[in-house]
Amino acid sequence: MAKKISLESKYSRAGWCFVMPAAVLIFVLNFFPMVRAFILSLQSGVANNLHFTGLRNYLRLLEDERFLYSVRNVFIYLIFQVPLMLFLAIILASILNDNRLKFKGLFRTIVFLPCATALVSSALIFKSIFGMDGIMNHWLLLLGILDAPKNWLVDPVWAKIIIIICITWRWTGYNTVFFLAGLQNIDHSIYEAARVDGASSIQQFFKLTLPLLRPVILLTSIMSINGTLQLFDEVRNLTGGGPGNETITISQYIYNLSFVNNPQFGYAAAISYTILIMVAALSFIQLKIGDKND
């Protein structure tokens, strides 16, 4: 018995030796900065001249028009882009999962390729399409639809639409991979039985595919909402938040507060925790809705 306990103890110590380096790194690089950021969100000032102000930074959010603009913009992107992206991802995954499709590997690579494109490169692609001398203006002028080149990225409405298109183009393939994995785990005999009962392809999609993919839909929607609330790169590279503040996001506003304007690290930290609260609240709501549907 003593020998068995000794062996189990050795295994336990060996396990902790393997786990501890990763645990220490996670604590140092993740949890400690989170705690430090929360403490910083309760302070005001710069550099070594920080002083405790309690919840003043959080109360300031309610009166900050630029922050409210950024929240409004992010939710506009979220409401339009996330459902569109997930719907397209499900459709593409269904097509790519079809056994009759030839060159599956090639098409799957093409669908996933935008996700592997560098963020700066994707921004340059869309600037080349929607710039003053871009492809869009060239063809619209050629067809006589426009009389003069249009600066799409300066128009508040079109700038938002282009950002939504850019995000959808870039991340649809990423979500398609999750849906494709989910579809491959569904037994084909279910669809065969449905076909025998006379169910059409559309009926199979809405009555079988969507309900069976519910866990994957829940996962991808939570990840997509989380990513949209933290949206930064696409907007920063395409419009810089302009014109005015019409396309600015919360993350870009945090960046501006920290590195562009006079540093306001305490206020920026408070906004960061506001994003955390939004993500947690929306994820909780989605999980509750998903549990009820199950």
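- The neighbour count for Phe52 CZ, taken as heavy atoms of other residues, nucleotides or ligands under 6.0 Å away, is above 12.
- Between Glu246 and Arg72 a salt bridge is recorded (basic side-chain N to carboxylate O distance below 4.0 Å).
- You'll find the side chain of Asp155 stays beyond 4.5 Å of the side chain of Asn151, heavy atoms only.
- With sequence neighbours excluded, no residue satisfies side-chain hydrogen bond (donor to acceptor under 3.5 Å, both in side chains) with Ser272.
- We find the OG1-CD1 distance between Thr176 and Ile95 to be 9.5 Å, quoted to the nearest 0.5 Å.
- Separating the OG atom in Ser94 from the CG atom in Leu180 is a distance of 9.0 Å, to the nearest 0.5 Å.
- Considering OG of Ser224 and CG of Leu86, their distance stands at 4.5 Å, rounded to 0.5 Å.
- Under the 4.5 Å side-chain heavy-atom criterion for grouping Ile, Leu, Val, Met, Phe, Trp and Tyr, Leu113 is not connected to Val111 through any hydrophobic cluster.
- Separation of the Phe126 and Trp169 ring centroids falls under the 6.0 Å cut-off.
- One hydrophobic cluster holds both Leu146 and Phe130 under the rule that ILVMFWY side chains link at heavy-atom gaps under 4.5 Å.
- Evaluation of the side-chain hydrogen bond (donor to acceptor under 3.5 Å, both in side chains) rule for Glu234 yields Trp171 as partners, not counting sequence neighbours.
- When all heavy atoms of Phe27 and Pro33 are compared, the pair lying nearest together is O-CD, 4.1 Å.
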Distance-only criterion, 3.5 Å: show the donor-acceptor pairs between side-chain atoms of residues 36-43 and protein atoms not counting sequence neighbours.
residue, atom, partner, partner atom, Å
Ser41, OG, Phe38, O, 2.5
Ser41, OG, Tyr58, OH, 2.7

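- Hydrophobic clustering (side-chain heavy atoms under 4.5 Å, transitive across Ile, Leu, Val, Met, Phe, Trp, Tyr) groups Val28 together with Phe31.
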Show me the donor-acceptor pairs within less than 3.5 Å that the side chains of residues 252-260 make with the rest of the protein, sequence neighbours left out.
residue, atom, partner, partner atom, Å
Gln252, NE2, Gly240, O, 2.7
Tyr253, OH, Asp64, OD1, 3.4
Tyr253, OH, Asp64, OD2, 2.5
Asn256, ND2, Gln252, O, 3.4
Ser258, OG, Ile254, O, 3.0

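- Residues Leu68 and Val235 are members of one and the same hydrophobic cluster, defined by side-chain heavy-atom contacts under 4.5 angstrom among Ile, Leu, Val, Met, Phe, Trp and Tyr.
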### Message
Under the criterion side-chain contact (heavy atoms from CB on, under 4.5 Å), I'd like the reasoning laid out for Asn237 against Leu124: C-alpha separation, chi angles, the key distance, then a yes or no.
### Response
CA-CA 8 Å; Asn237 292 324; Leu124 289 174; over 6 Å; no

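- Identified under the ring-ring contact (aromatic ring centres under 6.0 Å, His included) test for residues 188-212, with sequence neighbours left out: none.
- For Tyr77, the OH atom counts as densely surrounded, since its 6.0 Å shell holds more than 12 non-hydrogen atoms of other residues, nucleotides or ligands.
- Connection of Phe87 to Met223 is established within a shared hydrophobic cluster, with ILVMFWY side chains joined at heavy-atom distances below 4.5 Å, either directly or through further cluster members.
- Within the model, atoms OH of Tyr267 and CZ of Phe67 stand 6.5 Å from one another, a figure rounded to the nearest 0.5 Å.
- Gln286 and Ser221 make their closest contact through NE2-OG, 2.9 Å (heavy atoms, listed as atom of the first residue, atom of the second, distance).
- Taking both residues in full, the closest heavy atoms of Asn57 and Thr53 are given as ND2-OG1, 4.2 Å, listed atom of the first, atom of the second, then distance.
- For the pair Ile90 and Ile217, the minimum side-chain heavy-atom distance is below 4.5 Å.
- Side-chain atoms of Trp152 and Asn137 include a donor-acceptor pair closer than 3.5 Å.
- In plain terms, the two heavy atoms of Gln204 and Arg195 that are nearest each other are NE2-CG, 3.1 Å.
- Rounding to the nearest 0.5 Å gives a distance of 12.5 Å between CZ of Phe80 and CD1 of Ile165.
- Contact between Leu208 and Ala194 at its shortest, heavy atoms only, is CD1-CB, 3.6 Å.
- A 4.5 Å side-chain heavy-atom check between Leu238 and Ile163 finds at least one atom pair inside the cut-off.
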N/O donor to acceptor pairs below 3.5 angstrom from side-chain atoms of residues 273-281, sequence neighbours left out:
residue, atom, partner, partner atom, Å
Tyr273, OH, Met34, O, 2.4
Thr274, OG1, Ala270, O, 2.9

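- Residues Thr117 and Ser122 bring no donor and acceptor atom of their side chains to less than 3.5 Å of each other.
- The 12-atom threshold is exceeded at NZ of Lys104, counting heavy atoms of other residues, nucleotides or ligands nearer than 6.0 Å.
- For the pair Gln264 and Arg60, the minimum side-chain heavy-atom distance is below 4.5 Å.
- Nearest approach of Leu78 to Pro83, heavy atoms of both residues: O-CD, 3.5 Å.
- Between the side chains of Thr239 and Thr247, at least one donor-acceptor pair of N or O atoms lies under 3.5 Å.
- Within the 4.5 Å cutoff, side-chain heavy atoms of Leu287 are placed close to those of Ile222.
- Trp158 places a side-chain heavy atom less than 4.5 Å from the side chain of Lys150.
- Enclosure of atom CG in Asp147 is not indicated, since only 12 or fewer non-hydrogen atoms of other residues, nucleotides or ligands lie within 6.0 angstrom.
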### Task
Determine, step by step, whether Asn73 and Thr249 satisfy the side-chain contact (heavy atoms from CB on, under 4.5 Å) criterion, reporting the C-alpha distance in whole Å, the side-chain angles of both residues, the deciding distance to 0.1 Å, and the verdict.
CA-CA 6 Å; Asn73 292 337; Thr249 61; 5.5 Å; no

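- Summarising the geometry, atom CD1 belonging to Ile145 is positioned 9.5 Å from atom CE belonging to Met136; distances are rounded to the nearest 0.5 Å.
- Partner Ile167 forms a side chain to side chain contact (heavy atoms under 4.5 Å, CB included) with one of Ile162, Asp233, Leu231 and no other, that one being Leu231.
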